[in-house]
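Reviewing the structure listed below.
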Amino acid sequence: MSTGVSTSTDKIIVDKSRSHRNKAVSRAVRTTRERLQTATGLAPGFEREMLQLHIASAAQSALAVPVVVVLIAAGGIYLTQEIGLIAWAILALSVHALGMIVARRARKQEITADNTRRWQQIFLIAQVFMGLTWAAFALQTCGQCSGVTFDFYKGSSLLVALAVTAISTLMLRHAVLYAFLPTVGALSISALLRPDPATVGMAAIIAAAMMFLVFMTHRLRHTSAQLLSSQSEKDDLIAELEVAKSMSDEARRRAEEANLAKSRFLASMSHELRTPLNAILGFSEVMSTEVLGPLNNPVYKEYTSDIHRSGQHLLNLINEILDLSRIEAGKYDLSEDSVHLVDIAEDCIGMVQLRARAKNITIAEQVEGDMPAVWADEKALRQVILNLLSNAVKFTPQGGEILVKAGWTAGGGQYVSIKDNGPGIPEEEIPVVLSAFGQGSIAIKSAEQGTGLGLPIVQAILAKHNGEFILKSKLREGTEAIAILPAKRVLQSLPAVTETQAVAPRKKSFA
């Protein structure tokens with residue numbers, strides 16, 4: 001038994017094998033929404049991304065701290081001749097190297113939401129150890145130095161180290177606080193034990209600088225989180241657009257298959273229905289006119305008339321459905337020619353005149369003279385005016401009046417207006433009667449119900465002609481239907497070309 005997907009375009013079948021295309025984007029949407037809907041603080045996804053940014057920054061700026069340590073040690077030895085600064089420099093570089101080993105190890109491993117917190121703690125512990133080395137530097141003394149030179153040197157060096165630490169650990173929460181809190185503590189203890197102005201001032205300056213940089217790094221980190229949130233929202237939007245596009249493609253494929261199936265159905269059913277209908281209409285007409293002999297029972301003759309009328313109604317319905325389907329499918333081609341709108345309107349009035357007289361309805365004409373021809377499809381315009389006249393005759397009561405106008409529009413086009421004094425249409429029902437198979441409440445209550453396709457066909461045909469259809473109606477006052485053709489379809493007559501004397505060719509001179 002075959003398990004392949006059917007390729008028939010006559011069936012409206014959802015291809016289940018295409019669902020895998022949306023799985024990746026659906027998973028991305030779900031993950032991003034869960035990340036964005038975290039109740040408090042940063043989402044775990046943002047913490048992970050910021051930790052990854054910190055690891056990348058640490059790898060890129062691996063030489064920044066060693067350079068600062070070497071320069072501070074070299075400057076201190078030059079100023080103080082203290083060889084002990086070399087031991088401090090070796091200690092600081094060793095601690096920094098351990099931190100880089102931790103960063104390289106974290107870079108090789110996958111940072112997940114589960115181990116993000118653990119890695120943050122490891123990096124903060126590394127910062128604490130580095131802070132202890134800066135505290136050891138802050139406790140350095142110089143027995144040979146005089147004045148505040150050495151204190152000024154230590155304060156400047158600690159400020160530089162604080163700035164470098166703040167820049168390199170921007171993406172790690174509380175890194176500056178963990179790194180320089182031991183230093184501030186050591187300076188505070190020194191200020192308490194030796195309360196001279198230089199030591200107290202240096203402790204105050206370092207503490208104030210640390211608090212300021214903690215605040216600034218917090219704000220910058222918050223800004224970075226907002227940027228990551230915006231990026232995540234953009235990714236969420238892109239993913240949802242991908243899902244919507246996939247769904248739209250699937251819906252369009254199904255609509256195309258449905259439209260093709262409908263077209264094939266109408267193409268086949270039009271032949272299948274019209275063939276027996278022609279036989280029904282022909283034979284019922286022969287029987288009702290008693291061509292082959294009289295019918296003994298008069299009821300049978302009445303039945304044959306009913307059969308013929310019902311068959312004609314069904315044939316009209318099929319033709320209207322086919323016309324609307326061809327228009328919607330773009331298969332309704334216009335056979336355009338030079339035609340006169342007034343002549344077509346007069347012909348259509350003659351066609352419905354018999355039905356109007358049966359209801360004692362008067363059809364009056366009010367047309368402008370000497371109107372030029374228009375470039376349009378005569379058959380289509382005839383169908384438009386016949387549909388409007390048929391509706392007017394159908395819904396105008398006994399003894400009513402219909403007024404047919406034809407003339408110019410304000411924009412230079414031509415129009416045909418058909419106005420009756422029937423019951424009218426409620427204003428809220430006008431969109432209903434203009435939709436396919438739509439009927440108003442008066443039409444539903446009427447004994448002569450139609451198919452609801454006449455006005456949609458009129459709209460579609462006029463749209464093919466770049467025209468416009470306007471329906472005006474007031475309850476218990478009547479209805480006016482206006483079909484308008486644009487000015488560009490009006491064929492203006494040109495004046496005759498006057499004969500002019502030909503200009504003699506100028507002789508060429510080769511002298």
Within a reach of under 6.0 Å around [atom1] of [X], are more than 12 heavy atoms found that belong to other residues, nucleotides or ligands?
X	atom1	result
Arg118	CZ	yes
Tyr303	OH	no
Gln121	CD	yes

Show which side-chain atoms of residues 468-482 pair as donor or acceptor with protein atoms under 3.5 Å away, not counting sequence neighbours.
| from | atom 1 | to | atom 2 | distance (Å) |
| --- | --- | --- | --- | --- |
| Ser473 | OG | Ile425 | N | 2.6 |
| Ser473 | OG | Ile425 | O | 3.4 |
| Ser473 | OG | Gly478 | O | 3.3 |
| Ser473 | OG | Thr479 | OG1 | 3.0 |
| Glu480 | OE2 | Ser417 | OG | 2.6 |

Looking only at non-hydrogen atoms, find the nearest pair between [X] and [Y] and report the distance.
X	Y	result
Leu388	Ala483	CD1-CB, 4.4 Å
Gly413	Val490	CA-CG2, 4.1 Å
Met371	Gly407	CE-O, 3.4 Å
Ala406	Val342	CB-CG2, 4.1 Å
Ile361	Pro397	CG1-O, 3.8 Å
Ser288	Ser305	CB-OG, 4.1 Å

How long is the gap from [atom1] on [X] to [atom2] on [Y], to the nearest 0.5 Å?
X	Y	atom1	atom2	answer
Gln312	Ser284	CD	OG	9.0 Å
Met171	Thr217	CE	OG1	11.0 Å
Phe215	Leu220	CZ	CG	9.5 Å
Arg107	Gln52	CZ	CD	11.0 Å
Leu51	Trp119	CG	CH2	9.0 Å
Gln60	Ile55	CD	CD1	12.0 Å

With the side chain counted from C-beta on, respond yes when [X] and [Y] share a heavy-atom pair under 4.5 Å apart, and no when they do not.
X	Y	result
Leu455	Asn387	no
Gln120	Thr116	yes
Asn466	Lys488	yes

Any sub-3.5 Å donor-acceptor pair from [X]'s side-chain atoms to [Y]'s backbone N or O?
X	Y	value
Thr169	Thr165	yes
Ser248	Ala244	no
Thr289	Val286	yes
Arg489	His465	yes

May I have the step-by-step check of side chain to side chain contact (heavy atoms under 4.5 Å, CB included) for Thr409 and Leu485, ending in yes or no?
CA-CA 9 Å; Thr409 64; Leu485 291 178; over 6 Å; no
Any carboxylate oxygen within less than 4.0 angstrom of a Lys/Arg side-chain nitrogen, looking at Glu250 and Arg253?
yes
Does anything in residues 366-391 form a salt bridge (Lys or Arg N to Asp or Glu O under 4.0 Å)? List the pairs, not counting sequence neighbours.
Asp347-Arg382, Glu378-Arg382
Per the salt bridge (Lys or Arg N to Asp or Glu O under 4.0 Å) rule, what does the pair list look like for residues 396-422, sequence neighbours excluded?
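Listed once each, the pairs would be none.
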Could you please spell out the steps behind the side chain to side chain contact (heavy atoms under 4.5 Å, CB included) verdict for Leu491 and Val374?
CA-CA 5 Å; Leu491 302 177; Val374 295; 5.8 Å; no
Among Ile418, Ile349, Val458, which residue meets the side chain to side chain contact (heavy atoms under 4.5 Å, CB included) test with Ile385?
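Looking at Ile418, Ile349, Val458, the match for Ile385 under the side chain to side chain contact (heavy atoms under 4.5 Å, CB included) is Ile418.
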Carefully, step by step, assess Ile402 and Thr362 under the rule side chain to side chain contact (heavy atoms under 4.5 Å, CB included).
CA-CA 6 Å; Ile402 296 175; Thr362 303; over 6 Å; no
Where do Gln366 and Leu403 land on the side chain to side chain contact (heavy atoms under 4.5 Å, CB included) test, with the steps shown first?
CA-CA 7 Å; Gln366 184 179 342; Leu403 177 62; 4.0 Å; yes
